[in-house]
Amino acid sequence: MSPPLADELGSADLLDGITTAVGDLDPATFRAAARAVVEIMADYLRDVERYPVLPQVKPGELTALLDGPVPEAPTPLRIVLDDYRRLIEPNVTHWQHPGFLAYFASSGSGPGILAEMLMATVTANAMLWRTSPVASESEAIVVGWLRKAVGLPVDFDGLLTDTASTSSLIALAAARERIRPGVTVDGLADGPPLRIYASAEAHSSIEKAAMTLGIGRAGVRRVVVDGGYRMDPAALETAIAKDRAAGDRPCAVVATIGTTSSTSVDPTAVIADICQREGLWLHVDAAYAGVAAILPEMRAHFAGWERADSIVINPHKWLYTPLDCSLLLCRRMDIVRTSFSLVPEYLRTVGEGASGRDYSEYQPQLGRRFRALKVWFLFRTFGLAGLRSRIAANIAMATDFRAWVDDEPDAQRLAPVPFSTVCFRWRPADLIGREEEAPIARWLDLLNEQVLEAVNQTGEIFISHTRLAGRFTLRVAVNHIRTEQRHVERAWMLISEAGRRLSTAMPARWG
Ligand code: PLP
C-alpha cells in the first residue's frame, strides 16, 4: 500500500542498526525513527478508508504470523516498522475509520494523538503532585473546563481516570463509605447488605463495581424501564421500600443519561428527588452522552444531573480523545479520598510541595497517566466552539439517518433518538401489526442478524446490534470525528439494500 520507509526518508542507515548494546536509542536514530513513525501515522489517518473496518482474519491467524522465538538479537528499526505496517496496522479493527458506527466510537482526533505522543515522550506519572506538578495542576484546570463546558456548578470537583468503569467504581466506593463510614478500614463483614439501584438498561460496569466492592451483583437492583427504556421512578421507590422492609441498606442510585443500548435518558430530576428523600447517593452515568451538554440546546436531557453526588462523562467516547480518558465529577471529593487514600512512607511528600494534590489518593491505582494533556490540547486547538460544532455535526448526521429510517416503510425505528445513535430494524411493511406473532418475530430477528452480517462484511462500515424489548435491533452510532455525511448516506444505502435483498431472498419468510 505505501512505499518502503527507507525510500521516503533517506535515513535507512540510521534505522538499519542499533549501535549500542546498552542504553536507549541515540538521539539521531530516535529523530529519524520518530519521523518515520509520524509518516506512518499521517498515512494511516489519510488512507484508513482503504482498509475494511473489520480486518478479514480468523481467530488464531495472527498468532501464527506473529509468534516465534523470543527475539534474542536486536532487529533493525526499519524492519520493525515495516513489519508494523505489514502485520499490525492492517489487522486492527479500524476505530479511526469514518465508517466505524458500532458501539460508541472512540475516535482519536489529531490534537489528541499529538498529545499522546508527547505524554509518552515525557512519561510523567501523575500519581503525586511531586511526581509531575504540571500533570496534577493541569488536571484540576481541565476538570474545571469540562465541568463549566457542560454547565455544571462549581461544587463539582473531580479527576480523570482510564474508563467509565473505573469512574463508576470510585463513585460507588464513595457512596459505600458514606452510608457505612469506616468500611474502607473494616470491610463489609458486619451490618445489613448494601443495595444499589440502576435501571434494567444500565451499563454492566455498575454490576462490575458492585462485584468489586463486595456488594455483589445480587446487590444491584435492576429497576424496570418504561416503553422509552427509561427507569420507572415508581418502581425505584417500591424497590427501595421493599429492601428497607427486609432490613437491607439502600446505598446509591445510578441514573443513566444515554444508555448503552438505546441512549435513553432516565428521569434524573425525579430520581434526584427520591435520592434526597431517601438519603441516597446519586451517581449519573453519562459516559457517552455527557459531552453533548456542551450544546445549550441539549441541556434539557440533563435536567437534574446538577443535583447528583457524582457524574461520569467519557472524553474518549464523544470528545474525540484517544483511549483512554474518563472524567469523574464529584461533590464529595473528601469521601472519595477517604475511600482510596493509603499513603505508604515512601510516597509521603516531605518539605516543599506537600500542599499539592496527590491524585493517587482518589483512585484504586497508584500510577496514573498524564491524561490532562490530551484534554488540554483538545480545548486549546479546537476551542469550545470547535468542539460544539463537531458534536452538533454528529447529531445532525444522526438526525438525517433517523429521518431516512422513519421515511422508509420497510424499516422500523425502535427507540427515540435523543443524541446521535439510531436504533431500528428492517421490517417489511406487509408485516406491520404482525410483528409480535412468534414465527414472524423470530424471522425478523434472523433477517436483521443477516443484514448486520451483510453490511459489516462489505468492510465499508461497521455497525453493531442490541436487543430492545426482546427484538434484535440494529444500532448506528454517529460520534466519530471523521464521519461525514457521505459515510452515513452510504451506511443507509448498504443497510437498505441488504434489507431489501435479504427479505426477498430468505427462503421461507416464516414458519
Ligand atoms: N457507561 C455507559 C453508558 C456506556 O455506554 C459504557 C460503554 O459503552 C460504559 C459505561 C463503560 O465505558 P468504559 O469502557 O469507559 O468503561
Side-chain angles (χ1 to χ4, degrees), residues 168-169 171-181 183 188 190-287 289 300-312 331-332 414-416 418 436 466-471:
S168 290
L169 171 72
L172 293 172
R176 186 185 65 159
E177 176 64 31
R178 178 173 156 271
I179 210 79
R180 185 81 65 79
V183 68
L188 269 176
D190 300 324
L194 300 181
R195 301 295 178 221
I196 292 171
Y197 305 83
S199 90
E201 294 288 316
H203 191 262
S204 51
S205 55
I206 303 307
E207 278 183 35
K208 277 205 181 182
M211 287 155 71
T212 313
L213 292 169
I215 294 170
R217 286 184 68 184
V220 178
R221 304 306 202 201
R222 291 292 201 158
V223 180
V224 294
V225 292
D226 65 14
Y229 310 105
R230 296 168 293 236
M231 186 192 285
D232 174 353
L236 170 65
E237 285 191 292
T238 307
I240 295 170
K242 200 169 151 208
D243 282 339
R244 286 205 197 283
D248 298 349
R249 192 77 198 269
C251 170
V253 180
V254 180
T256 311
I257 300 182
T259 55
T260 313
S261 275
S262 71
T263 72
S264 62
V265 177
D266 284 340
T268 312
V270 183
I271 295 170
D273 288 340
I274 296 171
C275 288
Q276 197 172 342
R277 258 196 322 273
E278 298 281 348
L280 301 181
W281 183 285
L282 173 58
H283 176 58
V284 172
D285 180 355
H301 295 306
F302 297 86
W305 79 333
E306 71 287 349
R307 293 166 59 199
D309 296 282
S310 54
I311 299 174
V312 56
R331 292 172 183 281
R332 301 298 309 270
L414 295 174
E436 302 307 319
T466 187
R467 218 167 250 285
L468 290 174
R471 297 167 298 194

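Throughout, residue positions are numbered sequentially from 1 according to the sequence presented.
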Taking every non-hydrogen atom, the tightest pair across Ala272 and Gly304: CB-O, 4.3 Å
By side-chain hydrogen bond (donor to acceptor under 3.5 Å, both in side chains) - contacts of Arg176 (at least two apart): none
Pairing residues for Glu201 by the salt bridge (Lys or Arg N to Asp or Glu O under 4.0 Å) criterion, not counting sequence neighbours: none
Flag side-chain contact, heavy atom, 4.5 Å: Val253 against Leu236: yes
Between CG on residue Leu194 and CG on residue Leu188, distance to nearest 0.5 Å: 5.5 Å
Closest contact, heavy atoms only, Leu282 versus Cys275: CB-SG, 3.8 Å
Residue pairs, two or more places apart or on separate chains, that pass salt bridge (Lys or Arg N to Asp or Glu O under 4.0 Å) and touch residues 251-271: none
Donor-acceptor contact present, side-chain Thr466 to main-chain Ser261, <3.5 Å: no
Reported CG-to-OG distance for the pair Asp285 and Ser199, which is rounded to 0.5 angstrom: 10.0 Å
Heavy-atom pair of closest approach, residues Arg307 and Arg331: CA-NH2, 3.8 Å
Flag, side chain of Asp226 to backbone of Asp232, donor-acceptor distance under 3.5 Å: no
Test item: side-chain donor near acceptor, His203 and Thr256, under 3.5 Å: no
Trp281 and Ile179: CA distance, side-chain angles, deciding distance, side-chain contact (heavy atoms from CB on, under 4.5 Å) verdict: CA-CA 9 Å; Trp281 183 285; Ile179 210 79; over 6 Å; no
Other residues, nucleotides, ligands: >12 heavy atoms within 6.0 Å of Arg249 CZ: no
Crowding at CZ, Arg244 (>12 non-hydrogen neighbours, <6.0 Å): yes
Criterion side-chain contact (heavy atoms from CB on, under 4.5 Å) on Asp248 and Arg221, from CA distance to verdict: CA-CA 12 Å; Asp248 298 349; Arg221 304 306 202 201; 3.5 Å; yes
Smallest separation among heavy atoms of Trp305 and Ile311, with atom names: O-CD1, 3.4 Å
Straight-line distance of His301 NE2 to Thr268 OG1, nearest 0.5 Å: 11.5 Å
Test item: Glu237 side-chain N/O and Ala235 main-chain N/O as donor-acceptor pair under 3.5 Å: no
Arg332 (side chain) donor-acceptor with Ser310 (main chain) under 3.5 angstrom: no
Spacing of CZ belonging to Arg222 relative to CD1 belonging to Ile196, to within rounding of 0.5 Å: 11.0 Å
Heavy-atom pair of closest approach, residues Ala252 and Ala175: CB-CB, 3.8 Å
From CE (Met231) to OG1 (Thr259), nearest 0.5 Å: 11.0 Å
Min side-chain heavy-atom separation Ser204-Arg217 under 4.5 Å: no
Close side-chain approach of Leu172 to Val254, heavy-atom, < 4.5 Å: yes
Atom of Pro267, atom of Pro233 and distance for their closest heavy-atom approach: CG-CG, 3.7 Å
Pairwise distance CG(Leu468) to OH(Tyr229) - rounded to 0.5 angstrom: 4.5 Å
